[in-house]
Colleague: 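Please read through the structure below; I'll follow up with questions.
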2 protein chains.
Amino acid sequence: MAFDEEALDRAFLALADPVRRALIARLSRGPATVNELAEPFPITLQAISRHISVLEAAGLITRTRDGQRRPCHLAPSALEQLTSWIDQYRLETERRFRRIDALLDTVKEQDQ
Amino acid sequence: MAFDEEALDRAFLALADPVRRALIARLSRGPATVNELAEPFPITLQAISRHISVLEAAGLITRTRDGQRRPCHLAPSALEQLTSWIDQYRLETERRFRRIDALLDTVKEQDQ
DNA sequence: GCCTTGATCAACTGATGTGTTGAATATAGG
DNA sequence: CCTATATTCAACACATCAGTTGATCAAGGC
């Protein structure tokens with residue numbers, strides 16, 4: 001289930017916020033409930049709840065049910081798809097740079 | 001020069017738009033001017049010019065000068081920093097998953 | 001049943017993003 | 001010089017985002 005354009009929009013937009021990135025950092029160390037996630041932040045629980053919804057809609061986290069709690073879990077496969085998207089262009093550019101360097105070396109050889 | 005929080009905001013926000021991602025895809029195949037970049041899109045040149053400014057402010061592209069043209073070049077090192085940011089949390093999560101799997105295997109052994 | 005706790009929904013505000021049009025700047029080229 | 005080309009600036013409209021407060025829903029514990 002590769003990301004379509006709208007899913008990429010949602011995923012990158014989700015990462016474009018320091019609070020949501022901090023939530024991801026926290027979740028990389030293990031699952032947590034909404035209350036646990038909200039605790040370190042100076043903003044309301046409702047604001048954190050909405051940040052979590054954004055991360056979930058972006059596919060970056062999943063949620064389970066534990067009584068009245070809704071624990072959040074990081075979704076590493078979604079993160080992996082984002083790095084793949086970025087890397088395809090980064091690697092293409094780096095390959096191109098290497099080809100240019102090689103060409104310049106060839107010209108320099110002929111110059112001698 | 002690692003990305004600080006605001007630089008991450010700008011970089012991920014820059015990627016959270018299909019036009020800007022298409023510009024990056026185009027630039028991965030080589031440098032291009034504003035006019036060249038704008039050509040495939042149904043929006044105004046000014047809108048593309050601003051998208052390019054966003055990419056430049058995010059550090060994802062650099063610009064040179066060629067007479068009246070301002071060619072754009074993709075900056076692979078900035079892309080690399082973004083994948084590094086994502087990967088630190090993805091890899092931590094995957095390590096944690098493996099530890100849990102190993103623990104479950106141990107329990108299963110003892111159960112037999 | 002009833003109150004508490006965990007979490008979400010709804011409505012509103014202020015800030016920011018994305019597009020437009022029209023004007024301005026700067027370099028190229030005859 | 002003068003005009004055409006490449007690009008940007010400025011001002012505006014419209015949509016979306018991030019935060020707030022107040023109300024609501026759902027599950028637990030007694």
Side-chain angles (χ1 to χ4, degrees), chain A residues 4-27 30-75, chain B residues 4-27 30-74 82:
Chain A
D4 59 22
E5 287 295 302
E6 289 181 12
L8 286 170
D9 284 1
R10 285 191 294 273
F12 283 124
L13 188 61
L15 293 180
D17 181 284
V19 172
R20 288 192 294 260
R21 286 196 303 275
L23 294 175
I24 284 177
R26 165 65 186 81
L27 289 173
T33 67
V34 178
N35 268 291
E36 288 165 352
L37 288 171
E39 196 274 325
F41 295 96
I43 61 178
T44 61
L45 188 67
Q46 291 94 317
I48 296 293
S49 177
R50 202 181 294 177
H51 279 304
I52 291 170
S53 295
V54 170
L55 288 170
E56 188 181 21
L60 300 182
I61 67 172
T62 59
R63 314 190 64 176
T64 48
R65 159 82 58 188
D66 170 28
Q68 59 193 138
R69 313 224 174 80
R70 307 287 313 281
C72 304
H73 311 255
L74 202 53
Chain B
D4 58 23
E5 287 297 301
E6 289 181 13
L8 286 169
D9 284 0
R10 286 192 294 272
F12 283 124
L13 187 60
L15 292 179
D17 180 285
V19 173
R20 288 192 293 260
R21 286 197 303 274
L23 293 175
I24 284 177
R26 165 65 187 81
L27 289 173
T33 67
V34 177
N35 266 293
E36 288 166 353
L37 289 170
E39 197 275 326
F41 295 96
I43 63 178
T44 61
L45 189 66
Q46 292 96 315
I48 297 293
S49 177
R50 202 180 296 180
H51 278 303
I52 291 171
S53 296
V54 170
L55 289 169
E56 188 182 20
L60 300 182
I61 67 172
T62 59
R63 312 191 68 177
T64 49
R65 158 83 56 186
D66 169 28
Q68 57 195 141
R69 317 227 170 79
R70 308 288 313 281
C72 304
H73 311 256
L74 202 54
L82 294 183

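Residue numbering restarts at 1 for every chain, and letters A, B, ... go by the order of the sequence lines. What you see is a predicted model, and the numbers here were worked out from it, not measured in a lab.
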Colleague: Less than 4.0 angstrom between a side-chain N/O of B:R50 and OP1 or OP2 of D:dT7, yes or no?
Modeller: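 False: B:R50 side-chain N/O out of range (4.0 Å or more) of D:dT7 OP1/OP2.
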Colleague: Looking at B:G59, is its backbone amide N or carbonyl O close enough to the side chain of B:R10 to form a donor-acceptor pair, meaning the two atoms are under 3.5 Å apart?
Modeller: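 Not confirmed, B:R10 side chain does not pair with B:G59 backbone.
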Colleague: Specify the separation, in whole Å, of atom CZ of A:R10 and atom C1' of D:dT16.
Modeller: 15 Å
Colleague: To the nearest angstrom, how far is A:L37 atom CG from C:dT8 atom P?
Modeller: 11 Å
Colleague: Reckon A:H51 has a side-chain N or O less than 4.0 Å from the OP1 or OP2 of D:dG19?
Modeller: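 The answer is yes; a side-chain N or O of A:H51 sits under 4.0 Å from OP1 or OP2.
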Colleague: When only distance counts, do a donor and an acceptor, one from the side chain of B:R69 and one from the base of D:dT5, lie under 3.5 Å apart?
Modeller: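 Donor-acceptor pair under 3.5 Å: no.
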Colleague: Calculate the interatomic distance between A:R20 atom CZ and D:dC17 atom P; express it in whole Å.
Modeller: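 Distance, rounded to whole Å: 9 Å.
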Colleague: Given the structure, check if the side chain of B:Q68 and the base of D:dT7 hold any donor-acceptor pair shorter than 3.5 Å.
Modeller: no
Colleague: Rounded to whole angstrom units, what separation is found between the CG atom of B:L15 and the C1' atom of C:dT18?
Modeller: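 After rounding, the gap between these two atoms is 17 Å.
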Colleague: Relative to the 5' end of DNA chain D, which residue comes earlier, A:D66 or B:P71, by the nucleotide with the nearest heavy atom?
Modeller: B:P71
Colleague: Supply the atom-to-atom distance B:L55 CG to B:L37 CG, rounded to the nearest 0.5 angstrom.
Modeller: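 Here the interatomic distance stands at 9.5 Å.
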Colleague: Taking only N and O in the side chain of B:S49, is any of them less than 4.0 Å away from OP1 or OP2 of D:dT8?
Modeller: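 Yes, within the criterion.
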Colleague: At less than 4.0 Å, is any side-chain N or O atom of A:T33 found next to OP1 or OP2 of C:dG6? Yes or no.
Modeller: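 Negative; the distance criterion is not met.
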Colleague: Looking at B:T44, does any N or O in its side chain come under 4.0 Å of the phosphate oxygens OP1/OP2 on C:dG19?
Modeller: no
Colleague: Backbone N or O of A:G67 within a donor-acceptor pair of the A:R65 side chain at under 3.5 Å?
Modeller: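 Flag set: sc A:R65 to bb A:G67 pair under 3.5 Å.
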Colleague: Would you indicate whether the side-chain heavy atoms of B:L27 and B:L60 approach each other to under 4.5 Å?
Modeller: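 A side-chain contact under 4.5 Å is absent here.
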Colleague: In whole angstroms, how far is the P atom of D:dA18 from the CG atom of A:L45?
Modeller: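 From A:L45 CG to D:dA18 P: 17 Å.
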Colleague: Please report, rounded to the nearest Å, how far the C1' atom of D:dA6 is from the CD1 atom of B:I48.
Modeller: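 About 15 Å, once rounded to whole Å.
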Colleague: In whole angstrom, give the distance that lies between atom CD1 of B:I43 and atom P of D:dT8.
Modeller: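 Taking atom P of D:dT8 as the reference, CD1 of B:I43 is at 14 Å.
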Colleague: Under a 3.5 Å distance rule, please check whether A:R20 uses its side chain to pair with a backbone N or O of A:L13 as donor and acceptor.
Modeller: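 Yes; at least one donor-acceptor contact below 3.5 Å.
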Colleague: Below 4.0 angstrom from OP1 or OP2 of C:dT5, is there any side-chain N or O of A:N35?
Modeller: no
Colleague: Quickly work out the B:R70 CZ to C:dT27 P distance and round it to whole Å.
Modeller: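 Value for this atom pair: 10 Å.
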Colleague: Examine the base of D:dT7 for any acceptor or donor lying under 3.5 Å from a partner atom in the side chain of B:R63, and report the outcome as yes or no.
Modeller: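 Per atom types, no contact qualifies.
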Colleague: Suppose we call a contact any N or O donor and acceptor under 3.5 Å apart; does that hold for the side chain of B:Q46 and the base of C:dG22?
Modeller: yes
